Every structure is written in structure tokens, then in C-alpha cells.
Student: 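Here it is, the structure, as C-alpha cells.
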Amino acid sequence: MSTDLTAADPAGGPSATRRAILEAHDLHRAFGQTPALRGADLAVGTGEILAVMGPSGSGKSTLLHCLAGIYTPDQGEVRFDGQRIDTLSDGRRTELRRTAFGFVFQFGQLIPELTVADNIAMPLLLGKVRRKEAYQRADSWLERLGLGGLGTRRTGELSGGQAQRVAIARALAPRPKVLFADEPTGSLDSLTSETVMDLLVATARAEGTTVLLVTHDARVAACAERTVMVRDGKVSALTEFEVAH
Ligand code: ADP
């Protein structure tokens, strides 16, 4: 089963006509007594670049974690490519994340003691790509993201903007179907943030990768094709006021 985004789904944009690759139906998730999601619905089209905005604490990260199979919801369904993933075992969800999903977070996903090339090659090696090919692919990603010549640097020595470009290369090199980005430019100044977002969007588009981008920054969200809002654990389309601003 899969949703056609032309249907009157509150979180499906009017211009979205693509088949949904990711779907959340009536998601609920609490942490102890704190509700994080309270009936969240969302459909993300194949190849779509979707921004998820909303105030701090509204449930954006929890929604991303549920869609990526990191958290399981207390109630509701998550589908990837039409198949339920919230009911899969931990092992199958881990495998799905490794093979079909890529991640770029605000901090911390690079290993500072390893070189830039090692960091990009590592997920490829884990995916059984041969060593020589993994490092060739890492090199070509470095060129593509304007980091040529930095392959032998330790990632701990990079600037924030360089590190996030490496994180993008590392996430996209294994050719994921969906890239999950949670505040990917949250630690960068606005100029660097713009460069990093332009690269992220251009490379994801060129690869046909669907992007789910969580951000509280309207300038970052403006790079996406569509934006939805999370408020009090539910997803809604943007209001006219929010579109204008
Ligand atoms: P956002 O990403 O919009 O800032 P979150 O999804 O991180 O929102 O959080 C939603 C609510 O769930 C908040 O009240 C937050 O404090 C709570 N929450 C999120 N993650 C955890 C956690 N691991 N443990 C306890 N509470 C959490």
C-alpha cells in the first residue's frame, strides 16, 4: 500500500504528484509522561526535498527518528516504499538504515581520529564494497563537494563547514534512497550554512535521493521544495502567513 500524494492529505502538498516513499500515519510517541508525537501524519514523495519546521520541543526530531526506524512509535504506522517498518525487528530496521537511509546530523557523526577519506569510505566498506573502489568513490565525492586534496586530513582538524560537507559525502556515497538531515547547518554561520545547504540539495537532486530536512531556520527550509510544520506533535501544511515569511 502506498499513498498517492495528490490525495487530500493535510501534509501532502497540492503540487506533489509523486508516489510516497515514506509515510507516517497517526504516529504517537511519548517519553515517560512527555508526549512528543500526538497523531502525526506525513507523506514524503519519492525524490522530494521536504523541510520539517516547528518550534523547539514540537516533535520534529522524534518524527524523523520514527520515520528512519530509529524509534518505534507507541501507536500508528511508518511505511517505507509501501512496507511497514515500525513492526520490523531491531535487526531488520538496523539493516534498512544501513542500506537505504543516510544521515546528516548537527554534530558528531564523523570519527575525528580517522581521515576524511576513511570516514567517507567506512560505510562503503561496511556495505562490502572493495577497498580500492571505496577509496576511489570517496575521492570522487571529495572533488564533487569541493574538498579535493583534503582526503588525508583528520576530520577533527576541519572547519565546521568542511566537516558537514564530509558528512554529506559520507551519507550520500552509499547511494541511500532517503537522506535524513536533522539541523545539518545548526552549528554553522549563515554564509557557510548557505553553501552547505546548496551542496546538499544539488547533490541529493543529482542522485535522485529523497531528503527529509529538520530545521528551525526558515532560510534553510527555503532550500526545500516543500515545508511542513510540526506543532504539539502533529504535522500541518504551512499557513499563508508562514509561506509569506
Ligand atoms: P524538536 O525536535 O521539535 O525540538 P523533539 O522531538 O526533540 O522536538 O522533542 C519533543 C518532546 O519530546 C520534547 O518535550 C522533548 O523534551 C521530549 N523528548 C524528546 N526526546 C526525548 C528523550 N530522549 N527523552 C525524554 N524526552 C524526550
Side-chain angles (χ1 to χ4, degrees), residues 9-13 21-44 48-80 85-86 88-90 93-94 96-97 101-109 160 163-164 167-168 171 176 178-190 193 196-197 200-201 204 210-239 241-243 245:
D9 181 333
I21 190 166
L22 269 180
E23 297 162 87
H25 291 299
D26 194 30
L27 290 191
H28 290 253
R29 177 69 149 96
F31 296 95
Q33 297 298 308
T34 311
L37 295 178
R38 313 184 206 205
D41 290 293
L42 183 65
V44 188
E48 185 172 31
I49 298 184
L50 176 72
V52 176
M53 289 192 74
S56 178
S58 58
K60 304 181 295 297
S61 290
T62 306
L63 177 64
L64 179 145
H65 283 73
C66 286
L67 285 167
I70 299 170
Y71 294 159
T72 48
D74 300 329
Q75 187 187 315
E77 294 182 9
V78 179
R79 290 179 188 270
F80 166 66
I85 64 166
D86 54 293
L88 296 177
S89 66
D90 284 353
R93 279 186 286 115
T94 302
L96 180 71
R97 285 199 297 278
F101 298 162
F103 296 90
V104 177
F105 293 129
Q106 186 174 349
F107 300 112
Q109 70 269 47
Q164 286 309 71
I168 293 167
V178 182
L179 178 70
F180 292 92
D182 195 351
E183 300 286 5
T185 60
S187 59
L188 306 178
D189 63 68
S190 55
S193 165
V196 166
M197 278 313 302
L200 188 154
V201 168
T210 303
V211 178
L212 190 91
L213 166 69
V214 164
T215 181
H216 67 275
D217 185 340
R219 284 167 304 179
V220 171
C223 299
E225 294 163 5
R226 179 166 71 101
T227 301
V228 294
M229 292 295 285
V230 177
R231 288 188 197 85
D232 298 329
K234 287 192 176 140
V235 185
S236 58
L238 285 192
T239 63
F241 177 82
E242 286 158 345
V243 171
H245 290 75

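Residues: numbered from 1 along the sequence shown. Read the numbers this way: they start at 1 and go in the same order the structure lists the ligands and their atoms. Atoms considered below: every heavy atom in the structure, side chains included; atoms not considered: hydrogens, waters and symmetry mates. In this text the structure is predicted, and so the values were computed from the model without any measurement.
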Student: Of the non-hydrogen atoms in G54 and K60, which two are nearest, and what is the gap between them?
Tutor: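 It is O-NZ, 2.9 Å.
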Student: Does the residue A30 have a heavy-atom contact with ligand 1, meaning some pair of atoms that are separated by less than 4.0 Å?
Tutor: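 So A30 does not count as touching ligand 1.
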Student: Between T62 and ligand 1, which residue portion shows a heavy-atom distance shorter than 4.0 Å: side chain, backbone, both, or neither?
Tutor: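 Near ligand 1, T62 shows its backbone as well as its side chain.
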Student: Have a look at I49 and tell me which of L179, L212, V211 forms a side chain to side chain contact (heavy atoms under 4.5 Å, CB included) with it.
Tutor: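 The option that passes is V211.
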Student: Within the structure, is a non-hydrogen atom of G54 found at a distance of less than 4.0 Å from ligand 1?
Tutor: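 Contact check G54 vs ligand 1: negative.
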Student: Closer than 4.0 Å to some heavy atom of P55 - which atoms of ligand 1 meet that?
Tutor: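 Answer for ligand 1: 3 (O).
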Student: If you have a sec, work out which protein heavy atom is nearest atom 12 (O) of ligand 1 and how many Å separate them, to one decimal?
Tutor: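 Residue, atom and distance for the closest contact: A36 CB, 3.4 Å.
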Student: Closer than 4.0 angstrom, basic N to acidic O: yes or no for K234 and D232?
Tutor: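 Salt bridge absent between K234 and D232.
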Student: For residues V104 and I168, report the shortest heavy-atom separation together with the two atoms involved.
Tutor: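 Taking every non-hydrogen atom into account, CG2-CA, 4.0 Å.
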Student: Give me the nearest non-hydrogen protein atom to atom 17 (C) of ligand 1 as residue plus atom name, then the distance to 0.1 Å.
Tutor: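 For atom 17 (C) of ligand 1, the nearest protein heavy atom comes out as F31 CD1, 3.9 Å.
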Student: Testing the 3.5 Å rule here: is there a donor-acceptor pair between the side chains of D86 and T72?
Tutor: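 Checked: D86/T72 side chains show no N/O donor-acceptor pair below 3.5 Å.
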Student: For atom 8 (O) of ligand 1, find the nearest protein heavy atom and state the residue, atom name and distance (0.1 Å precision).
Tutor: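 Protein heavy atom with the smallest distance to atom 8 (O) of ligand 1: G59 N, 3.2 Å.
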Student: So, for F180 and F105, is the gap between ring centers shorter than 6.0 Å?
Tutor: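 No, they do not, as the ring centres are separated by 6.0 Å or more.
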Student: Taking the side chain as every heavy atom from C-beta outward, state whether T185 and T215 have any atom pair closer than 4.5 Å.
Tutor: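 SC-SC contact between T185 and T215 ruled out.
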Student: Who's the nearest protein heavy-atom neighbour of atom 2 (O) of ligand 1, and how far?
Tutor: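 Protein heavy atom at minimum distance: S61 N, 2.8 Å.
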Student: Judged by modelled atom types alone, do R231 and S236 share a side-chain donor-acceptor pair under 3.5 Å?
Tutor: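 Yes.
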Student: Given the ring of Y71, does R29 sit roughly above its face, with NZ or CZ under 6.0 Å from the centre of the six-membered ring and within 45° of the axis?
Tutor: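 That pair qualifies as a cation-pi contact.
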Student: Which heavy atom of the protein is the closest neighbour of atom 3 (O) of ligand 1, given with residue, atom name and distance?
Tutor: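 For atom 3 (O) of ligand 1, the nearest protein heavy atom comes out as K60 NZ, 2.8 Å.
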Student: Can you check whether a protein heavy atom sits less than 4.0 angstrom from atom 21 (C) of ligand 1?
Tutor: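 So atom 21 (C) of ligand 1 has protein heavy-atom neighbours under 4.0 Å.
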Student: If we only count N/O pairs under 3.5 Å, is P35 in contact with ligand 1?
Tutor: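 There is no such contact.
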Student: To the nearest 0.1 Å, how far is atom 13 (C) of ligand 1 from its closest protein heavy atom, and which atom is that?
Tutor: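 Minimum-distance protein heavy atom for atom 13 (C) of ligand 1 reads G57 O, 3.8 Å.
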Student: What atoms of ligand 1 come closer than 4.0 angstrom to any heavy atom of S56?
Tutor: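 Contacts of ligand 1 toward S56, numbered from 1: 4 (O).
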Student: Distance under 4.0 Å to a non-hydrogen atom of T34: what atoms of ligand 1 satisfy this?
Tutor: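 That gives atoms 14 (O) of ligand 1.
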